[in-house]
Every structure is written in C-alpha cells, then in structure tokens.
There are 2 protein chains.
Amino acid sequence: MSVPRVALTVDLVVLTVREQRLCALTWKRDRDPYLGCWSLPGGFIQLDEDLPVAAVRLMDERAGLADVRIHLEQLSTFGYPDRDPRQRVVSVTYLGLAPNLPASSRAQVLWKPVDVLFEREENAFDHRRILREGVERARAKLEYTSLAAAFCPPAFTVAELRRVYEIVWGTALDPRNFHRKVTGADRFLVPTGDTTTRDGGRPAQLFRRGSAEQLHPPMLRPNT
Amino acid sequence: MSVPRVALTVDLVVLTVREQRLCALTWKRDRDPYLGCWSLPGGFIQLDEDLPVAAVRLMDERAGLADVRIHLEQLSTFGYPDRDPRQRVVSVTYLGLAPNLPASSRAQVLWKPVDVLFEREENAFDHRRILREGVERARAKLEYTSLAAAFCPPAFTVAELRRVYEIVWGTALDPRNFHRKVTGADRFLVPTGDTTTRDGGRPAQLFRRGSAEQLHPPMLRPNT
DNA sequence: GCAAAAGTGTTACGATTACACCCATGC
DNA sequence: GCATGGGTGTAATCGTAACACTTTTGC
C-alpha cells in the first residue's frame, strides 16, 4: 500500500510571566522563508520518537530549557497544505508553562511579551495563530486547574500567585477574596512554614504546589 | 534539506444517542492487522487536503454521513512509533456529534454502544483510547456549551434534551430544575411555536437550537 | 376519572462579591 | 508613628438543589 507522506514538526508555545507581563519564547529566523521574523521554537520529529518525547527534546535543543520540569500539553495540529511554502508540513503544537527563567543564552531565543507579538512583530508561518491558541488555552486552564502555580517558583506567596492570574487574564482581582479562595481550595497550596517580606509589608506565608490538578470550586474570571 | 516523512491519517470518533445509549460509529476491519476487530472510521489524508477537509471527506466515505451538518472538532494527535505495526502512522483525531441517524448501509459500519466497546469488544490499534478521549471531551463540553442539541433532531423538547444529558453523563437530572435552567439560558433554545405529545402526557413545546455556543451559566454535572 | 409528563413556585443552602477591619513588618 | 501589604469577618446577592404543586394531554 502506497500512501502519501508528510513532514511532521512539533512547535512549542512556551509561556512564562516576567516583568509583570505574559511572555512567550520566540525563535528569530535566520534563513528563508520568513528570514528575520519570529517563529515558535520547534523542529522536525525523528522517525523513532513519540510526539511528547520530541516536544521535550525540542524544549531542550530549541528553547534552551533542559531539565526544567515544566508543564507540557498538546494543543492542536495544523496541516493546511500551503502553511509552509517549501513542502507539505504538518505541525503538532504543544503548550509549555514555565516559571520565570532565563531562556537559552543564544541571542536567537528570546522571551517576548505576547501582546507585542500579537500586535506588532512579523511572524513566520501561522505561528501567531498557534500562539493565540496557546494563550487562550492557558487562560482557560487557570480557571479550573492548579496550573497557575506552574508559573511560580517552588515557594511563592498568595500575592505572587494572584499576580499570575491578574497578568495572564489582564484583570484585577480582590486580594482578600482571592486569598480566602486559594487557601481554601482542596490540596491546591501547601504551606512551607516559612514567611517572606520580599513583597513588602507584613510577612506573607510561603506555599508550594499541592497535589490537586483540578480546582474545586474553580477560580472564575470576572465579567464573563 | 531532507527530513523524515510519516503517513498521516484522520480518525473519527462519531457519537450519537440512540435507543437510550451513547453510541459510536465503528468500522469492522476486514484485513490484517487486527482482522475482525472494530476500529474507528478513518483513512489517510491526501497531499493537497487540509485536515478538517479530510475529516469531512472521511465522514462521507467511511462513516456514510455525507451532507449531514454535524459538529466536528479536532481531538488529539497520536503518534507513538509502534501504534501501527506496519509503518509509522500519525493519527489526527476528530470528534463528531450527530443526531440519531442511520449510518452507512454497509454492514461494515455500525453504531455500537460505547460501554460495550470499552468493556468487551476487541479494538484495533489504540482506538479504544481515542474513543475514550472523544467521549470525555463530549461529556465535558455538554457542561459549558450548547452541543447537547447536536444530538437532537432539528425540533426537540426539553425532555428529549434532558435525556441526552442523562445518557451521555449517566446521571439522573431533576426535570423541573433542568427545564428552568435550559429555557432560561441565553439564546440556547428558540421555541418553534409548535407542541408535541410524542413523549406522552401534557403537550410539550418544541424548540430548535439557538445561536448560543457557550452556556451562561453552565450546566454542571451532579456530584463533582 | 386517572396516569403521565410539562411546567411553576418556594425555600434552604452554598458560593461569590464588596468592603470594613485588624495584623505584622520596614522605615 | 505611618505606610505597606497580609489576612479575617460579615452582609447582600446570585445560582442551585430539593420538592410541593398546578396544568394539559391520552386513554
């Protein structure tokens, strides 16, 4: 049986919160097509490699985030025929959520605020659309999962967690109600016993992520 | 540049509600591998064809549901190296939700209850896992979208819609609270002006789907 | 009349909101 | 002391769950 074969890439939407903005990891293209435009880090899969394995490998090779335990999940697969002008390329996309870390030391790999990527800079292929899907997935998942903590360092305060929600959603949240809700959610946060004054004011308790993956009840975005 | 190429299939999880059960469309394999086992309808993509286009084409060729306007959305992509014993095949999967219709007249294509497929019958490839993902997606989407109506005929009663929820979720719902909630949800249901006594008892209003895609507020499953 | 299913009213409860208020630190 | 942010208490409101009750048909 002879069947058509296509080239298959894995492309990564890697998000973090840094300097009060939601940022994505970008790769500045140094060859045609789309020379000089930003693209998402990614690459071709190998023939003996499962898709999540390829995503982890490319997170190392292209994003410079090796050995970082970050959340990775599959987004959509894009495959309309002319999305790459050279040949038929189908792309399986993955979403990664990372704490605020330096990216690769390569100048080609940079964190950029997603609003800048959406509004101003020239993008390669259909990567703006893929980025938008990743950002929307992240925004939605903060509501009903504990993934906001994936943007935080190992120990963090309730206010730092709240800032993640506020920055990703772009909305202000009441600090007092937020505190009550996240500390009351089952197995979301585990107190470390330490406190910090790094945010100023009265010392705040430090927490680490609990075992919960789903939030009961969910954190709902205002005005929806 | 030489890159590895893989064969790409689109496989379909097509669900309906018939005879009080949630059913999926199955294809009985007539050749090796997995001769005699059930599989999901699907097939290889063509080189000049977008993925959703291939899904629609296969819905016709393999599922026998041409010209039926059913909801179609992408599920995951599966690609671990040995999922097909013959060659590296990556499968992009789609979920389709259909009203209760006869499938193809081909004996090879049959509606089967999903609980039977999960528990008893021999499945080909990893199609049991794909089916499970489709069923879980459908169950989750009934909560916050208007997709339950995709299982109903063009005009339906509130009780018929409720039975869809009850069968897909496997839980009983209070008919009175359900009625209030769905008729109150913004643009979910539009009265046709007609009534029917096909369910017995007092005549029930007939509705068709409104323009809402998201439900505000959502329909929540009991006990979760 | 009686069974069956449609549809409405009502009350109790749980979660969310808005905001008053107190607490513990740095300076 | 005073500014800053951490954290608790409380009352109004909204949505839901449970269930009594009325309505309209077929037989």
Side-chain angles (χ1 to χ4, degrees), chain A residues 20 142-144 148 152 155-167 169 171-208 212 214-224, chain B residues 20 142-144 148 152 155-167 169 171-208 212 214-224:
Chain A
Q20 312 280 46
L142 290 205
E143 288 199 310
Y144 57 95
C152 295
F156 54 89
T157 67
V158 170
E160 288 161 357
L161 183 65
R162 176 167 49 84
R163 250 155 254 143
V164 166
Y165 277 92
E166 292 180 329
I167 290 165
W169 285 348
T171 59
L173 299 174
D174 184 293
R176 298 155 295 188
N177 292 334
F178 182 87
H179 185 280
R180 203 188 341 254
K181 192 151 183 187
V182 295
T183 54
D186 186 39
R187 292 173 298 116
F188 184 14
L189 301 181
V190 180
T192 65
D194 296 325
T195 60
T196 180
T197 56
R198 65 192 181 210
D199 298 328
R202 169 175 165 181
Q205 287 185 76
L206 284 166
F207 296 88
R208 55 182 176 74
Q214 307 295 314
L215 290 191
H216 293 290
M219 291 288 312
L220 296 175
R221 272 175 277 191
N223 318 324
T224 50
Chain B
Q20 313 280 50
L142 290 204
E143 288 199 310
Y144 57 93
C152 294
F156 53 90
T157 66
V158 170
E160 287 160 358
L161 183 66
R162 175 168 50 83
R163 249 155 254 143
V164 166
Y165 277 93
E166 292 180 328
I167 290 165
W169 285 348
T171 60
L173 299 174
D174 184 295
R176 298 155 295 186
N177 291 334
F178 182 86
H179 184 280
R180 201 185 346 251
K181 192 152 183 185
V182 294
T183 53
D186 186 39
R187 292 173 298 118
F188 185 13
L189 301 181
V190 179
T192 65
D194 297 324
T195 60
T196 180
T197 55
R198 65 192 182 211
D199 298 327
R202 170 175 165 182
Q205 286 185 76
L206 283 166
F207 296 88
R208 55 183 177 74
Q214 308 295 314
L215 290 190
H216 293 290
M219 291 290 311
L220 296 175
R221 273 174 277 191
N223 318 323
T224 47

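Keep in mind that what you see is a predicted model, and the values were worked out from it rather than measured.
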*Assign each of A/Thr197 and A/Arg176 to its nearest nucleotide of DNA chain C by heavy atoms, then name whichever residue's nucleotide is nearer the 5' end.*
A/Arg176
*Between A/Val158 and A/Gly201, just flag the one whose closest nucleotide in DNA chain D comes earlier from the 5' side.*
A/Gly201
*ring-ring contact (aromatic ring centres under 6.0 Å, His included) against A/Phe178, all qualifying residues, sequence neighbours excluded*: A/Tyr165
*asked:* How close do A/Val164 and A/Ala148 get, counting heavy atoms only, and between which atoms?
replied: CG1-O, 3.9 Å
*Of all the heavy-atom pairs spanning A/Ala159 and A/Asp199, show the shortest one and how long it is.*
CB-OD2, 4.4 Å
*For DNA chain D, note the earliest and the latest nucleotide, 5' to 3', having some atom under 4.0 Å of a heavy atom belonging to chain A.*
D/dT4 to D/dT10
*Look at the side chain of A/Glu143 and the backbone N and O of A/Arg221, then say whether any donor-acceptor pair between them is shorter than 3.5 Å.*
yes
*Measure across B/Ala172 and B/Pro222 and return the closest heavy-atom pair with its distance rounded to 0.1 Å.*
O-CG, 4.2 Å
*Using modelled atom types only, decide if a donor and an acceptor are shared between the side chain of B/Glu166 and the backbone of B/Leu173 within a distance under 3.5 Å.*
yes
_Assuming nearest nucleotide by heavy-atom distance, tell me which of B/Arg162 and A/Pro218 is located more 5' along DNA chain C._
B/Arg162
*asked:* What is the first contacted nucleotide of DNA chain C and what is the last, in 5' to 3' order, if contact means an atom lying under 4.0 angstrom from a heavy atom of chain B?
replied: C/dA4 to C/dT10
*asked:* So A/Asn177, base contact, sugar-phosphate only, or nothing? Heavy-atom distance under 4.0 Å.
replied: base
*asked:* For A/Ala155 versus A/Leu206, what's the shortest heavy-atom pair and its separation?
replied: C-CD2, 4.0 Å
*At their closest point, which heavy atom of A/Met219 faces which heavy atom of A/Leu215, and how far apart are they?*
CG-CD1, 3.8 Å
